[in-house]
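None of these values were measured; they are calculated from a predicted model. We name chains A, B, ... by the order of the sequence lines, and we start the count at 1 in each one.
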Protein chains: 2
Amino acid sequence: MTGGKRIMGLPSIRRMPMYYRLLARELEAGRTQISSAYIAEALGMEPIVVRKDFTLFGIIGKPKIGYETEEALQVIDSLMNSRDSNEAFLVGVGNLGQALLSYRGFEHMGLDLIAGFDVDSDIVGRRIQGREIFALVELPRLAKRLHVKTGILCVPEEAAQDCADAMVDAGIEGIWNFAPVRLQVPDYVVVQNEDLAEGLAILIVKLNQSKREGIQRTN
Amino acid sequence: MTGGKRIMGLPSIRRMPMYYRLLARELEAGRTQISSAYIAEALGMEPIVVRKDFTLFGIIGKPKIGYETEEALQVIDSLMNSRDSNEAFLVGVGNLGQALLSYRGFEHMGLDLIAGFDVDSDIVGRRIQGREIFALVELPRLAKRLHVKTGILCVPEEAAQDCADAMVDAGIEGIWNFAPVRLQVPDYVVVQNEDLAEGLAILIVKLNQSKREGIQRTN
DNA sequence: TCTATATCGATATATTAATATCGATATAGA
DNA sequence: TCTATATCGATATTAATATATCGATATAGA
Ligand SMILES: NC(=O)c1ccc[n+]([C@@H]2O[C@H](COP(=O)([O-])OP(=O)(O)OC[C@H]3O[C@@H](n4cnc5c(N)ncnc54)[C@H](O)[C@@H]3O)[C@@H](O)[C@H]2O)c1
Ligand SMILES: NC(=O)c1ccc[n+]([C@@H]2O[C@H](COP(=O)([O-])OP(=O)(O)OC[C@H]3O[C@@H](n4cnc5c(N)ncnc54)[C@H](O)[C@@H]3O)[C@@H](O)[C@H]2O)c1
């Protein structure tokens with residue numbers, strides 16, 4: 001029983017995409033080795049945090065040298081892409097849903113959006129970035145046929161719980177939820193709530209503080 | 001010098017929008033008093049966290065009763081709306097920018113989007129939800145005339161730093177940045193980076209873990 | 001009026017995350 | 001070959017956050 005399970009905390013996991021993008025860019029630019037100090041400088045953080053995270057991720061470096069860029073990249077990649085399939089559906093192709101469907105930045109983060117679903121007949125049948133939009137009633141059939149287990153939920157608040165139920169019935173086991181609603185789902189389903197207003201609140205409160213005191217804190 | 005400055009931690013600030021929405025809904029539904037236990041249940045959290053946050057926010061409750069819903073709502077509202085003006089500009093009216101411009105959910109969170117800016121002549125001149133899209137070159141003039149000090153940045157990675165520079169030159173002091181780039185700005189400017197991939201990474205890692213172990217952790 | 005109880009809020013503790021310290025080591029350069 | 005040094009990574013410390021404990025109190029109901 002060697003090496004008791006390293007457990008990554010949520011803050012470390014949150015930093016993975018940032019590391020990934022930097023490492024990819026630096027490798028592209030020909031930097032084959034990279035130190036924690038360099039990474040920290042580029043990302044506006046402390047070197048010790050980088051080293052601790054990398055240790056947790058299982059990336060090992062060499063004294064005097066740093067980390068192998070490609071190896072580090074591959075380790076992080078493998079942490080995000082170790083499922084059978086990254087294919088996912090998006091439910092609710094409105095303003096936000098269209099933006100997410102169009103976006104290519106999640107492809108290397110373990111999420112490959114392959115289709116959209118909606119109830120609006122004006123939208124159903126259209127394509128966005130090559131991804132077809134289906135009627136919501138098609139969801140169970142297609143989810144089962146394509147073995148899709150992950151979904152993004154982008155419908156209005158009122159429809160969110162019903163849609164989540166439909167997704168779970170269709171076999172979805174992971175939901176990235178953009179509606180400001182706490183979904184009720186079975187225990188085996190993982191829900192990640194994305195509340196954009198959280199970040200906004202931080203900005204606003206900091207602005208209020210700096211207006212009042214002429215001070216900002218970092219991050 | 002009574003009451004040494006209560007300092008709110010970032011986690012408490014992040015929870016403000018969630019409290020706000022619940023309180024508004026419950027007040028609407030006629031619930032004039034509300035307990036920490038009720039709030040916690042509705043939001044899937046612990047009552048003690050609610051009480052601690054509310055104490056920090058300056059919301060005081062009564063034993064046996066709980067909190068006055070309206071008073072609590074007003075306190076949180078005042079924390080988010082205490083600036084001279086909530087008016088803000090959005091720079092980069094592409095897929096994501098259009099979604100944010102269309103969205104009404106930030107109006108009570110201290111952000112009132114009044115116009116968009118872009119360099120694409122196909123977009124400039126159009127209106128989204130009544131908000132006009134101007135050419136980016138108009139930004140300095142309009143920001144100064146309307147005393148707008150807050151901006152959302154939604155341009156591609158490559159353009160982000162240049163746009164941020166332009167915003168700062170125009171007098172913007174708070175930037176909500178959706179581009180996955182660490183912006184260089186003067187000390188007095190507050191930047192809040194929004195990296196959607198962070199939440200995605202958490203979902204993906206949890207899915208990987210639950211696939212492998214049949215276990216999920218909460219949140 | 002008096003008593004029982006739900007709930008807050010102050011204080012204490014535990015957990016988690018960030019930061020500091022420092023020895024070990026792989027390389028570069030003498 | 002040997003030495004100096006940059007860097008990692010293990011351990012220790014500190015700070016931030018979450019959770020527990022429990023007395024105080026305002027109300028409901030006897
Ligand atoms: N737009 C934003 O910037 C933004 C920001 C933060 C949060 N959100 C949240 O994201 C969600 C979507 O926002 P939006 O602005 O894209 O709304 P929207 O109204 O533009 O789009 C919603 C889409 O969902 C579809 N829909 C409605 N009921 C459905 C159902 N039962 N099944 C399938 N599809 C259904 C509609 O046809 C529409 O296409 C909302 O919950 C909103 O609160 C949006
Ligand atoms: N779309 C998403 O779902 C999503 C998700 C996460 C992050 N992001 C980030 O948000 C940003 C915008 O993404 P998008 O999908 O909306 O891109 P997009 O290409 O659809 O839109 C970008 C817009 O910015 C405009 N623009 C380009 N250069 C400009 C400049 N110098 N000044 C003003 N406007 C300029 C373009 O004309 C375009 O309208 C990107 O940095 C992206 O990484 C997007």
Side-chain angles (χ1 to χ4, degrees), chain A residues 2-16 18-19 23 26 31-69 71-72 75-76 198 201-202 205-206 217-219, chain B residues 2-16 18-19 23 26 31-69 71-72 75-76 198 201-202 205-206 217-219:
Chain A
T2 78
K5 189 83 194 162
R6 270 187 310 262
I7 211 67
M8 292 182 283
L10 296 183
S12 300
I13 296 171
R14 285 186 180 281
R15 289 188 286 262
M16 283 178 21
M18 179 172 82
Y19 292 134
L23 291 169
E26 295 293 337
R31 183 180 295 268
T32 58
Q33 300 177 319
I34 194 165
S35 71
S36 62
Y38 183 94
I39 295 170
E41 166 67 20
L43 298 176
M45 53 193 304
E46 296 297 319
I48 181 116
V49 178
V50 176
R51 287 205 298 278
K52 199 124 170 291
D53 283 344
F54 277 29
T55 299
L56 235 47
F57 297 161
I59 300 167
I60 46 188
K62 277 184 270 188
K64 184 82 187 271
I65 301 296
Y67 304 90
E68 294 292 326
T69 313
E71 184 202 318
V75 170
I76 294 178
E198 288 184 2
I202 290 181
V205 169
K206 281 185 184 169
R217 288 192 290 172
T218 52
N219 187 3
Chain B
T2 79
K5 190 81 192 161
R6 271 186 310 261
I7 212 65
M8 292 181 284
L10 295 183
S12 301
I13 296 171
R14 284 187 182 282
R15 289 187 287 262
M16 284 179 21
M18 179 173 81
Y19 292 135
L23 291 168
E26 294 293 338
R31 182 179 295 267
T32 57
Q33 299 177 321
I34 195 165
S35 72
S36 62
Y38 183 94
I39 295 171
E41 166 67 19
L43 297 176
M45 53 193 302
E46 296 297 320
I48 181 116
V49 178
V50 177
R51 288 205 298 277
K52 200 124 169 291
D53 283 344
F54 276 29
T55 300
L56 236 46
F57 298 160
I59 300 167
I60 47 189
K62 277 185 273 188
K64 184 80 189 272
I65 300 297
Y67 304 91
E68 294 293 327
T69 313
E71 183 201 318
V75 170
I76 293 177
E198 289 184 3
I202 290 181
V205 170
K206 282 185 184 168
R217 288 193 289 170
T218 52
N219 187 2

Can you check whether B:Y67 has a side-chain N or O nearer than 4.0 Å to OP1 or OP2 of C:dA6? no
Please tell me if A:R51 has a side-chain N or O lying less than 4.0 Å from either OP1 or OP2 of D:dC8. yes
How about B:M18 and A:E198: do any of their side-chain heavy atoms sit closer than 4.5 Å? no
In the strands shown, is C:dT5 matched to any nucleotide by a Watson-Crick or G-U wobble pair with both distances under 3.5 Å, and which? D:dA26
Tell me whether the side-chain N/O atoms of A:R15 come closer than 4.0 Å to OP1 or OP2 in C:dA18. yes
Any N or O donor-acceptor pair under 3.5 Å from the base of C:dT27 to the side chain of A:K64? yes
Could you tell me the separation between the CD atom of B:E46 and the P atom of C:dC8, rounded to a whole number of Å? 14 Å
Nearest whole Å is fine: how far is D:dA16 P from B:K52 NZ? 12 Å
Just call it for B:S36: base, sugar-phosphate, or nothing, with non-hydrogen atoms closer than 4.0 Å on any strand. sugar-phosphate
What integer distance in Å separates A:L56:CG from C:dA17:P? 10 Å
Distance, rounded to the nearest Å, where B:E68 contributes CD and C:dT7 contributes C1': 14 Å
In Å and rounded to the nearest 0.5 Å, what is the CZ to OG distance from B:R51 to B:S35? 9.5 Å
Looking only at non-hydrogen atoms, find the nearest pair between A:V49 and A:Y19 and report the distance. O-OH, 4.0 Å
Whole angstrom is fine here: how far is it from CD1 in A:I48 over to P in C:dA20? 8 Å
Nucleotide nearest A:T55 (side chain, heavy atoms from C-beta), chosen from D:dG9, C:dT7, D:dT19: D:dG9
Nearest whole Å is fine: how far is D:dA15 P from B:I7 CD1? 16 Å
For residues B:R15 and B:L43, determine if any side-chain heavy atom of one lies less than 4.5 Å from a side-chain heavy atom of the other. no
Just how far, in rounded Å, is P of C:dT7 from CD1 of B:I59? 18 Å
Sidechain-backbone polar pair: B:S36 side chain, B:V50 backbone, donor-acceptor under 3.5 Å: no
Toward the 5' end of DNA chain C, by each residue's nearest nucleotide, A:I65 or B:I60: B:I60
For B:L10 and D:dT17, what is the distance between atoms CG and P respectively, to the nearest whole Å? 6 Å
Once you apply the 3.5 Å cut-off to both distances, tell me the Watson-Crick or G-U wobble partner of D:dT14, or none. C:dA17
